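To keep things clear, I will list the structure first and then write my remarks on it.
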Amino acid sequence: KQKTAYEIMPSLVGSEMCIRDRDITLKGDANLNASLPLTGNTMTINATISIGTATVQRGAYTNATSSSIQVGKEDYTFFSFQIQAGSAEKIQFSQVKVYQEGSASLGSDVVNLELYQDSTKIADGEVVSSKYVNFSFDPITLDKGEIAQFQVKADVEDGSARTIDLGIYRATDLLVKGLTYGYNITPTYSGTGSSSNNPVLSDNQFTISNGTLTVTRSNEVPATNITIGNDQYLGAFKFTCKGEAIDISALTLTIVSSASDTIEDALKNVELVDPNGNVVAGPTDVTNNALTVAWTDTFTVPVGETVYRVR
């Protein structure tokens with residue numbers, strides 16, 4: 001028997017397999033009915049073939065680093081990458097695994113991850129852990145030298161002060177195949193954000209900011225004359241909450257009166273009421289000799305604009 005396939009060295013120009021008479025042992029009364037040696041087709045090793053290549057870099061939709069990504073942000077591009085086919089053959093790919101290097105958790109802090117080719121959505125993300133999301137899509141083919149742009153968009157649902165830093169962890173997490181020879185290709189990662197270590201490509205880092213709260217006067221309770229009685233509305237304030245719901249555990253209301261010596265006795269059981277009429281703070285009396293109402297109840301202001309009334 002001549003060399004088997006796993007024994008053929010790259011330096012050989014060609015090889016063939018054959019069966020000789022000394023390779024056959026007959027038992028019993030069996031007779032050999034063959035013209036030996038039997039020789040197979042000659043196989044030639046091609047030492048000059050060049051398979052395709054793919055180069056991956058940050059893409060055209062990359063956003064600048066930001067430390068003010070608010071909770072509630074929607075459809076924001078956290079990762080942009082581009083793929084370029086080499087000059088040897090067309091390439092095709094249909095899946096990519098995206099890695100979260102930051103401290104925010106995929107699926108809870110960062111949700112609704114989607115993959116776009118330019119401005120066209122091509123896949124919803126399948127979150128497999130707090131660190132990985134998979135995208136599978138119809139095969140995309142790139143001609144020799146062609147470049148395609150992609151972006152990963154997501155919503156921020158939670159995670160104040162945590163970070164988002166998406167990228168590709170392993171070189172083979174983007175599965176690419178050459179169409180001429182049919183072999184899988186390990187992409188090359190280059191440019192800003194690339195590394196010879198893992199992750200092989202990272203986009204800019206984003207920090208989820210803390211929520212903000214602005215309080216302004218509201219005209220929902222107009223200036224008017226009031227009479228002695230219960231549940232008299234004295235004013236209103238608009239709370240504008242951005243980023244995330246905010247808990248308030250202490251709030252002091254200052255009172256200005258033309259009769260400061262008697263207002264302490266005139267106002268009793270001061271309350272702060274939400275738009276549904278629910279009391280969120282109080283009832284509390286005016287502080288003696290201070291003309292203030294000090295509420296120490298804890299209530300939550302939701303994201304958006306909410307008018308609270310004083311009565």
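It should be emphasised that the depicted structure is a prediction, and the values quoted were computed from it without experimental measurement.
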Taking atom OG of S68 and atom CG of N210, what is their separation to the nearest 0.5 Å? 11.5 Å
Residues at least two apart in sequence or cross-chain that pass side-chain hydrogen bond (donor to acceptor under 3.5 Å, both in side chains) with E220, listed by chain then number, are none
Pairwise side-chain contact, F239 with L213, heavy-atom cut-off 4.5 Å (strictly under): yes
Do you reckon V221 sits in the same ILVMFWY cluster as V279, going by side-chain contacts under 4.5 Å, direct or chained? no
Identify the heavy atoms of G282 and E271 that sit nearest to each other, and give their distance. C-CG, 4.4 Å
Which atom names give the shortest non-hydrogen contact between V110 and A104, and what distance separates them? CG2-CB, 4.1 Å
For residues 70-77, which side-chain N or O atoms pair as donor and acceptor with protein atoms under 3.5 Å away, sequence neighbours left out?
| from | atom 1 | to | atom 2 | distance (Å) |
| --- | --- | --- | --- | --- |
| T77 | OG1 | Q151 | OE1 | 2.7 |

Please report the interatomic distance OG(S129) to CD(Q100), rounded to the nearest 0.5 Å. 10.0 Å
A side-chain contact here means heavy atoms from C-beta on lying under 4.5 Å apart; do I83 and L142 qualify? yes
Pairs satisfying side chain to side chain donor-acceptor pair (under 3.5 Å), at least one member in residues 184-201, at least two apart: Q57-S190
Does some side-chain heavy atom of F299 sit less than 4.5 Å from a side-chain heavy atom of I248? yes
The complete set of salt bridge (charged side-chain N to carboxylate O under 4.0 Å, His left out) pairs with one or both residues in residues 96-109, sequence neighbours excluded, reads D109-R162
Following the transitive rule for hydrophobic clusters with a side-chain heavy-atom cut-off under 4.5 Å over Ile, Leu, Val, Met, Phe, Trp and Tyr, establish whether V301 and V215 coincide in one cluster. yes
Could you point out which residue of D165, T163, T207 forms a side-chain hydrogen bond (donor to acceptor under 3.5 Å, both in side chains) with S103? T163
Less than 3.5 Å apart, which donor and acceptor atoms pair up between the side chains of residues 222-238 and the rest of the protein, not counting sequence neighbours?
| from | atom 1 | to | atom 2 | distance (Å) |
| --- | --- | --- | --- | --- |
| Y233 | OH | R311 | NH1 | 3.1 |

Going by atom types alone, do D247 and T300 pair a side-chain donor with an acceptor below 3.5 Å? yes
Taking all heavy atoms of V156 and all of I164, pick out the closest pair and write down the distance. CG2-CD1, 4.2 Å
Clusters formed by hydrophobic residues whose side-chain heavy atoms approach within less than 4.5 Å: which one holds V303, and what are its other members? none
According to a 4.5 Å side-chain heavy-atom criterion applied to Ile, Leu, Val, Met, Phe, Trp and Tyr, with indirect links allowed, do F81 and I122 form part of one hydrophobic cluster? yes
Less than 4.5 Å apart, any side-chain heavy atom of V96 and any of L115? yes
Backbone N or O of T292 within a donor-acceptor pair of the T287 side chain at under 3.5 Å? yes
Do K177 and I185 make a side-chain contact, defined as non-hydrogen atoms from C-beta onward lying under 4.5 Å apart? no
Which pairs would a plain distance check flag for residues 85-94, meaning a side-chain donor or acceptor within less than 3.5 Å of a matching protein atom at least two apart in sequence or in another chain?
| from | atom 1 | to | atom 2 | distance (Å) |
| --- | --- | --- | --- | --- |
| E89 | OE1 | L179 | N | 3.4 |
| E89 | OE1 | T180 | N | 2.8 |
| E89 | OE1 | Y181 | N | 3.2 |
| E89 | OE2 | G52 | N | 2.5 |
| Q92 | NE2 | T141 | OG1 | 3.0 |

Atom CG in L113, atom CZ in F79: separation rounded to 0.5 Å? 12.0 Å
To the nearest 0.5 angstrom, please state how far the OG1 atom of T62 sits from the CD atom of Q82. 9.0 Å
Pairs where residues 130-140 contributes a residue and the test side chain to side chain donor-acceptor pair (under 3.5 Å) is met, not counting sequence neighbours: none
Over all heavy atoms of both residues, which pair between D297 and V280 is shortest? Give the atoms and the distance, please. CB-O, 3.6 Å
Between Y116 and F150, is the ring centre distance below 6.0 Å? no
Shortest non-hydrogen contact from V307 to S218? CG1-OG, 3.8 Å
Under 3.5 Å donor-acceptor, W295 side chain and L253 backbone: no
With S80 via side-chain hydrogen bond (donor to acceptor under 3.5 Å, both in side chains) - residues at least two apart: none
Do side-chain atoms of D274 reach the backbone of G277 as a donor and acceptor pair under 3.5 angstrom? yes
Does F135 have any ring-ring contact (aromatic ring centres under 6.0 Å, His included) partners at least two apart in sequence or in another chain, and if so, which? none
When clusters are formed by joining ILVMFWY residues with side-chain heavy atoms under 4.5 Å apart, either directly or through shared neighbours, do L106 and Y99 land in the same one? no
Identify, with sequence neighbours excluded, every residue that meets salt bridge (Lys or Arg N to Asp or Glu O under 4.0 Å) alongside K121. E114, D124
Measuring from atom CD of E305 to atom OG1 of T214, what distance do you get when rounded to the nearest 0.5 angstrom? 10.0 Å
Test item: N278 side-chain N/O and V273 main-chain N/O as donor-acceptor pair under 3.5 Å: no
Distance (rounded to the nearest 0.5 Å) between L267 CG and I255 CD1: 5.0 Å
Distance-only donor-acceptor hits, side chain of residues 166-176, under 3.5 Å, sequence neighbours excluded:
| from | atom 1 | to | atom 2 | distance (Å) |
| --- | --- | --- | --- | --- |
| D173 | OD2 | R170 | N | 3.0 |

Kindly indicate whether the side chain of V293, heavy atoms from C-beta on, has any atom under 4.5 Å from the side chain of V270. yes
Within the 4.5 Å heavy-atom criterion, are D285 and N269 side-chain neighbours or not? yes
Using side-chain heavy atoms (C-beta onward) and a distance below 4.5 Å, is V56 in contact with L201? yes
Work out which heavy atom in D118 is nearest to a heavy atom in Y61; give both atom names and the distance. OD1-OH, 2.8 Å
